[in-house]
Amino acid sequence: MKRVFFKTLLLTLLILTPASLSWAHFGVIIPSDDIVSKHDNKKIDLQIKFMHPFEGQYMEMARPKAFGVMVNGKKHNLLSTLNRKKVKGFSTWEAAYRIKRPGDYVFYVEPAPYWEPAEETFIIHYAKVIVDALELEKGWDAEVGLKTEIVPLTRPYGLWAGNVFQGIVKVDGKSVPYAKVEVEFYNKGGKIKPPAEPYTTQVIKADKNGVFTYAMPVAGWWGFAALSTADFRLKHKGKEYPVEIGAVIWVRTREMK
């Protein structure tokens, strides 16, 4: 009788558990500006974190394995510039970078694997963002060479709210047909209230060539996370588990005024 009771209780709890527990995870890398003109401050501040961006829920982020910038085809290691910052009790990371010459600066981060006990899966999100400097507008579509990566087909800056963004999902340099792509708005301060859970995370699929398309309805930062299963597994307490790898890119839109 007790066993039946506990089974019933467990089933009830699962049914009543908020859908928010399955909110999409996003690797976040957001600069203080996405376009630096000759009259602007040349210092860029970057925020790096792991969170549910629409709901503003943070997760602990260990020190990244890699952090850098690629400009004019060359990569520069910036790992030593990272500083830990606690937000709501969770570790996030900050860095500052000074623009020195014209070009498109592709900032990228490879985090340490994150163990998600609820899904019995490790998560690694390779995130990047592009900053245009001094109007050269060259290099925004360059591939960093990450394990998995979104290569933009739309110039990822100078975008109005309502513009379409397109990208190609790649794993090991090859396009991924029909890849699942999750899209979330960085809802700073929780100003936007979704009428139902499906509005929190938009879900789209790439076509047979790995190309996806999405129109961003409001101004702000938008994250695109293309999810795949890695061709390797990682151990937790002596047992091997699958690894979700995410190719993440952040894009900013502005209101036309």
Side-chain angles (χ1 to χ4, degrees), residues 26-49 53 64 66-79 81-82 93-110 125-146 148-170 181 183-188 211-226 246-257:
F26 274 75
V28 177
I29 177 168
I30 293 182
S32 50
D33 206 347
D34 61 328
I35 299 175
V36 178
S37 69
K38 61 182 179 180
H39 300 298
D40 291 335
N41 186 344
K42 305 306 183 293
K43 180 189 171 190
I44 292 290
D45 295 314
L46 295 114
Q47 301 175 24
I48 299 167
K49 38 197 161 186
F67 170 56
V69 63
M70 187 172 75
V71 58
N72 296 326
K74 294 183 179 180
K75 295 180 186 178
H76 304 274
N77 186 348
L78 303 178
L79 199 56
T81 68
L82 285 176
W93 300 87
E94 291 183 329
Y97 184 86
R98 185 165 294 279
I99 301 294
K100 296 179 180 178
R101 58 183 62 87
D104 282 349
Y105 290 69
V106 185
F107 293 95
Y108 58 90
V109 61
E110 177 188 349
H125 280 192
Y126 302 81
K128 69 179 186 179
V129 68
I130 293 90
V131 174
D132 171 55
L134 307 176
E135 303 175 357
L136 186 61
E137 298 185 23
K138 182 180 179 182
W140 55 265
D141 55 351
E143 295 185 39
V144 175
L146 302 171
T148 183
E149 187 169 0
I150 291 174
V151 181
L153 294 177
T154 304
R155 189 186 63 185
Y157 50 81
L159 296 171
W160 298 113
N163 280 168
V164 160
F165 178 73
Q166 280 192 319
I168 304 175
V169 180
K170 293 192 173 185
V181 182
V183 186
E184 277 203 23
F185 179 68
Y186 186 67
N187 188 20
K188 194 172 182 180
V211 176
F212 67 88
T213 305
Y214 183 83
M216 298 162 287
V218 297
W221 283 100
W222 289 87
F224 298 84
V248 183
I249 189 169
W250 284 88
V251 177
R252 187 183 189 182
T253 58
R254 288 179 169 84
E255 292 290 352
M256 185 178 288
K257 296 180 180 180

**Request:** Report the C-alpha distance between V36 and D132 in whole Å, list the side-chain angles of each, state the deciding distance to 0.1 Å, and finish with yes or no for side chain to side chain contact (heavy atoms under 4.5 Å, CB included).
**Result:** CA-CA 6 Å; V36 178; D132 171 55; over 6 Å; no
**Request:** Please lay out, stage by stage, how D34 and R254 fare under the test salt bridge (Lys or Arg N to Asp or Glu O under 4.0 Å).
**Result:** CA-CA 11 Å; D34 61 328; R254 288 179 169 84; 3.2 Å; yes
[X] and [Y]: which non-hydrogen atoms are nearest, and at how many Å?
| X | Y | answer |
| --- | --- | --- |
| A142 | E149 | O-OE2, 4.1 Å |
| K100 | Y105 | N-OH, 3.7 Å |
| A161 | P217 | CB-O, 3.9 Å |
| I150 | G167 | CG2-CA, 4.2 Å |
| A225 | V248 | CB-CG2, 3.9 Å |
| T148 | A247 | OG1-CB, 3.4 Å |

**Verdict with reasoning, Q166 to T154, per side-chain hydrogen bond (donor to acceptor under 3.5 Å, both in side chains)** = CA-CA 5 Å; Q166 280 192 319; T154 304; 4.9 Å; no
Is it true that a side-chain atom of [X] and a backbone atom of [Y] form a donor plus acceptor pair closer than 3.5 Å?
| X | Y | result |
| --- | --- | --- |
| K170 | G145 | no |
| S32 | I44 | no |
| K75 | V144 | yes |

**Asked** How are the rings of F224 and F165 set relative to one another: parallel (under 30°), tilted (30 to 60°) or perpendicular (over 60°)?
**Response**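 Judged by the thresholds at 30° and 60°, the geometry between F224 and F165 is tilted.
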**Prompt:** According to the interplanar angle, ranging from 0 to 90°, do the rings of F26 and H125 count as parallel (below 30°), tilted (30 to 60°) or perpendicular (above 60°)?
**Reply:**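 Because their plane-to-plane angle is over 60°, the rings of F26 and H125 count as perpendicular.
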Supply the atom-to-atom distance [X] [atom1] to [Y] [atom2], rounded to the nearest 0.5 angstrom.
| X | Y | atom1 | atom2 | value |
| --- | --- | --- | --- | --- |
| K49 | I30 | NZ | CD1 | 6.5 Å |
| K43 | Y97 | NZ | OH | 14.0 Å |
| Y108 | I130 | OH | CD1 | 13.0 Å |
| R101 | L134 | CZ | CG | 10.5 Å |
| E135 | D104 | CD | CG | 11.5 Å |
| F67 | L46 | CZ | CG | 5.0 Å |

Decide yes or no for [X] and [Y]: does some side-chain heavy atom of the first lie under 4.5 Å from some side-chain heavy atom of the second?
| X | Y | answer |
| --- | --- | --- |
| N41 | R98 | yes |
| Y157 | P152 | no |
| V106 | V69 | no |
| V183 | W222 | yes |
| T253 | N163 | no |
| W250 | V28 | yes |
| F212 | I168 | no |
| F107 | P31 | no |

**Message:** If the threshold is 4.0 Å, N to carboxylate O, is there a salt bridge linking K42 and D33?
**Reply:**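 Salt bridge: no.
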**Asked** Do D40 and K38 meet the salt-bridge criterion of a basic N to acidic O distance under 4.0 Å?
**Response**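 Salt bridge between K38 and D40, a charged N being under 4.0 Å from a carboxylate O: no.
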**Prompt:** Should we say atom CD of E143 is surrounded by more than 12 heavy atoms from elsewhere, each under 6.0 Å from it?
**Reply:**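 Yes, because the 6.0 Å sphere around CD of E143 holds more than 12 heavy atoms from other groups.
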**Item:** V251 and L159: CA distance, side-chain angles, deciding distance, side chain to side chain contact (heavy atoms under 4.5 Å, CB included) verdict
**Value:** CA-CA 8 Å; V251 177; L159 296 171; 3.3 Å; yes
**Prompt:** Could you go step by step and tell me if V181 and V169 meet the side chain to side chain contact (heavy atoms under 4.5 Å, CB included) rule?
**Reply:** CA-CA 9 Å; V181 182; V169 180; 4.1 Å; yes
